[in-house]
2 protein chains.
Amino acid sequence: MSDNYHHGNLRQALIDAGIKIINESGEANLSLRKAAAMCKVSHAAPYAHFKDKNELVEAIKATVTEKFMEELSAAADASPDAESALVNMGRHYVAFFVRRPDYFKFMFGSQNITAHIRFDKQYENDYPPFDLLKETYLKYLVEKRLDKSEEEKETELLKLWASAHGITAIACMSGVETSFDWEDKIFSDLLIR
Amino acid sequence: MSDNYHHGNLRQALIDAGIKIINESGEANLSLRKAAAMCKVSHAAPYAHFKDKNELVEAIKATVTEKFMEELSAAADASPDAESALVNMGRHYVAFFVRRPDYFKFMFGSQNITAHIRFDKQYENDYPPFDLLKETYLKYLVEKRLDKSEEEKETELLKLWASAHGITAIACMSGVETSFDWEDKIFSDLLIR
DNA sequence: ACTATTATCTTTACAATGTCAAGATGCTAT
DNA sequence: ATAGCATCTTGACATTGTAAAGATAATAGT
C-alpha cells in the first residue's frame, strides 16, 4: 500500500486515537475530526469506515469491553474454585475501571458526586439522596439496637447504595429481562444479616 | 415586566425547556440554542443566567435530584420504621428512574446493554462480561451443591452484578471516601448466605 | 423625578464539529 | 488491461457553543 493515500488500517487507528483522546481529555473532547487528524487523514476519511460518529463510539466501547473481558476471564481462570472466582471477578470488575475512571465514564457515564461513606466524622455530602440513605440506615441500627463496627457499617451502607444504584442502572438498560419482581426481595435481603 | 424583552424567569424556563428536551429526545438533543428558542429568546440570552452549557446541565441535574429527593423522603416518611424505610427507599430509588429512563441516562449515563437474567431459557446476551458472571455463578452453585429456585438464582445473580456495577460506579465518582478496602468484603459477603 | 448602574436580552461574528456530495486515487478481480 | 470497488480528499453546509458590542428595561441613589 502507498504510504499517504491508503492508510492501511485506518479503522483500528481511529479506534486507538479515540481511546487516546478519551484517556487524555475525556469523552467530551472526542471528535471525528480530531481522531482523523491524529491519523493524519482528512476529516471525512472516517466515513469510509464508520457510518457516523456513533459507530466509532460503539466500536470503541466494543474494544473496551474486550479488554474488560480479558481481565475478568483472567481473574476467573486464576481462581481455584468458582466461589473465589466470583469474588475475584468482583474485585477486578471494580479495579479495571478504577484504574481508568474515564473508561467507566465513557462506558456508563458516571457522574461526579461527592459522597462520604465514613461515619466517624461529619462530612458535607453534596448528594442529598445519599445523606438520606445514611441517616435512615443509622436510624435502622438504633431501632434494631445493632452495634456494628465502623467497618461493618461502611460496608453495609455502601452495599445498600451500590445495590440500589446498580440495580437501577441495570433496570434502565433496555434489554434486561427478569421473570419476577426482584426489587423488593433484593432490598430486604440486603438487610437480613 | 415587559412581555417580550424581559422574560420574567428565564433561568427556570430554560431549565424546564431542557428537561422537556431530554424527556422527548434524549440528552444528545439538548442544546442551549434549542432551549433558548423554546423560551422564545435569542440564542445568547441564556448567557445572562448560565456561564456555559455545562452550568445549565448542572442546574437541570440539581432539579432532577430535588425531585428524586422528594420521592425518597416521601417513601421514608411513609414507612413505620427505619427498616421498612430502607426497603421502601430502595424500591423508590429504582422506580423513580425506571419511570423515566432518560433521567437516569442523563444523570448517570447508563448504557444500552442487553442482558438476560433468566436461567430457564438460553438467551443470547450481547454483554460478554455478564455471560461470564452468569456462567461462573452457575459453576459456583454446582460446586457447592446448592439447589436454588429459579427465583432465588435470579435474585442472587442480579444482586451480584448490581453490586459490582454499583460499587464501581460509586468508586469512579470522584469524592467517595472510605476508610478501608471494602471491595473484597462486599463481594464475599454477598455469597455467604 | 431624574440619572446612573446593573441585569437582561439582541445582534453579529467566529471556530469547532458532524455530515454530505463529488471527485480523485489506488487495489483487485476478471 | 480495465472495470469496479474501497479508500481517501476537497469543498460545502447546518448546528452548535461562545464571545463581544450594544440595546433595553428595571432599579437604586440622588
Side-chain angles (χ1 to χ4, degrees), chain A residues 1-63 102 105-107 109 111-112, chain B residues 1-63 102 105-107 109 111-112:
Chain A
M1 74 216 167
S2 129
D3 242 25
N4 290 21
Y5 208 84
H6 272 54
H7 182 282
N9 196 358
L10 182 56
R11 192 191 139 87
Q12 190 56 47
L14 286 169
I15 292 175
D16 294 342
I19 290 179
K20 195 168 182 203
I21 293 174
I22 291 167
N23 270 329
E24 287 172 2
S25 38
E27 190 189 359
N29 250 284
L30 174 63
S31 81
L32 276 178
R33 291 171 104 111
K34 260 181 224 152
M38 283 174 64
C39 300
K40 302 187 181 193
V41 124
S42 85
H43 64 261
Y47 285 84
H49 302 275
F50 304 101
K51 194 180 114 261
D52 53 20
K53 184 186 179 181
N54 193 56
E55 271 204 355
L56 171 61
V57 168
E58 289 305 318
I60 295 176
K61 280 180 183 161
T63 302
D102 276 336
K105 282 174 199 156
F106 172 64
M107 295 288 288
Q111 255 320 85
N112 259 17
Chain B
M1 76 221 166
S2 128
D3 241 26
N4 289 21
Y5 206 85
H6 274 53
H7 182 283
N9 198 355
L10 182 56
R11 191 190 140 88
Q12 190 56 48
L14 285 168
I15 292 175
D16 293 343
I19 291 178
K20 193 166 184 206
I21 293 175
I22 290 166
N23 269 330
E24 288 171 359
S25 38
E27 190 189 357
N29 250 283
L30 174 63
S31 81
L32 276 179
R33 291 171 103 109
K34 260 181 224 151
M38 283 174 64
C39 300
K40 304 190 178 187
V41 125
S42 87
H43 63 260
Y47 285 86
H49 302 274
F50 304 100
K51 197 181 111 258
D52 53 21
K53 184 185 178 181
N54 193 55
E55 271 203 356
L56 171 61
V57 168
E58 289 306 318
I60 294 176
K61 280 180 182 160
T63 302
D102 276 335
K105 281 174 197 154
F106 172 62
M107 295 288 288
Q111 254 322 84
N112 258 18

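Predicted, not measured: the structure shown is a model, and the values here were computed from it. Chain identifiers are assigned alphabetically (A, B, ...) following the order of the sequence lines, protein sequences preceding nucleic acid strands; residue numbering begins at 1 within each chain.
Atom pair B:Tyr47:OH and C:dT6:P shows a separation of 24 Å (rounding to whole Å applied). If you measure from atom CG of A:Asp52 to atom C1' of C:dG18, you get 9 Å, rounded to the nearest angstrom. We find that CZ of B:Phe50 is positioned 16 Å from P of C:dA7, with the value rounded to whole Å. Distance A:Glu27 CD to C:dT17 P: 14 Å, rounded to the nearest Å. Taking atom CD of B:Glu55 as the reference point, atom C1' of D:dT18 lies 13 Å away to the nearest angstrom. Between A:Lys53 atom NZ and C:dC20 atom P there is a gap of 15 Å when expressed in whole angstrom units. Look at NZ on A:Lys51: it is 8 Å from P on C:dT19, rounded to the nearest Å. Spacing between atom CG of B:Asn9 and atom P of D:dA26 amounts to 15 Å, rounded to whole angstrom units.
Taking every heavy atom of both residues into account, A:Ala59 and A:Ile15 meet most closely at CB-CD1, 3.8 Å. In terms of heavy atoms, B:Pro46 sits closest to B:His43 at CD-O, 3.5 Å.
Contact annotation for A:Ser42: base contact, defined as any heavy-atom pair under 4.0 Å involving a base atom.
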(request) Check step by step if side chain to side chain contact (heavy atoms under 4.5 Å, CB included) holds for A:Arg11 and A:Asn9. (result) CA-CA 5 Å; A:Arg11 192 191 139 87; A:Asn9 196 358; 4.1 Å; yes

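The listed nucleotides are C:dA21, D:dA20, D:dC8; the one nearest the side chain of A:Ala44 is C:dA21.
One finds a side-chain N or O of B:Lys34 lying less than 4.0 angstrom from the OP1 or OP2 phosphate oxygen of D:dT16.
Between B:Leu10 and B:His43, the one whose closest nucleotide on DNA chain C sits nearer the 5' end is B:Leu10. The residue among A:Arg33 and A:His49 whose nearest nucleotide of DNA chain D is located toward the 5' end is A:His49.
A:Ile22 contributes atom CD1, which lies 4.5 Å from atom CD1 of A:Ile60 (distance to the nearest 0.5 angstrom).
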